[in-house]
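All residue numbers in this chain count up from 1 along the given sequence.
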Amino acid sequence: MSAICVSDPIAEYTAECAHGVDRETLLRFASELPAFPHTAAKLLQLLNDPDAELEAIADTAGTDASVAFAVVKLANSAAFAR
């Protein structure tokens with residue numbers, strides 16, 4: 001029987017933090033964070049509602065670190081530079 005090696009992002013991050021935290025390490029691990037299911041479901045519900053307020057969408061996205069990170073990453077991309 002062979003052992004399956006599963007990557008543990010938190011353990012990898014902790015090991016790298018032992019030598020100090022830099023911006024690139026933090027960004028690399030933040031992009032691997034999964035969204036909470038209830039936050040994703042709430043965002044889908046709001047995004048499918050034509051009467052949803054932008055403030056409600058922003059507040060919901062801001063409650064989840066991985067979603068907020070993805071939004072900021074997308075906003076800072078070259079695709080939205082104009």
Do Leu47 and Val67 sit in one hydrophobic cluster, given that two such residues count as connected whenever their side-chain heavy atoms are within less than 4.5 Å of each other, even indirectly? yes
Reported NE2-to-CG distance for the pair His38 and Asp64, which is rounded to 0.5 angstrom: 7.0 Å
Looking only at heavy atoms, what is the nearest atom pair of Ile57 and Ala52, with distance? CD1-CB, 4.4 Å
To check you understand the geometry: which heavy-atom pair defines the closest contact between Ala68 and Gly62, and what is its length? CB-CA, 4.5 Å
With side chains defined as the heavy atoms from C-beta onward, is the minimum distance between Asp49 and Gln45 less than 4.5 Å? no
Given 3.5 Å as the limit, does a donor-acceptor pair link the side chain of Asn48 with the main chain of Leu44, or not? yes
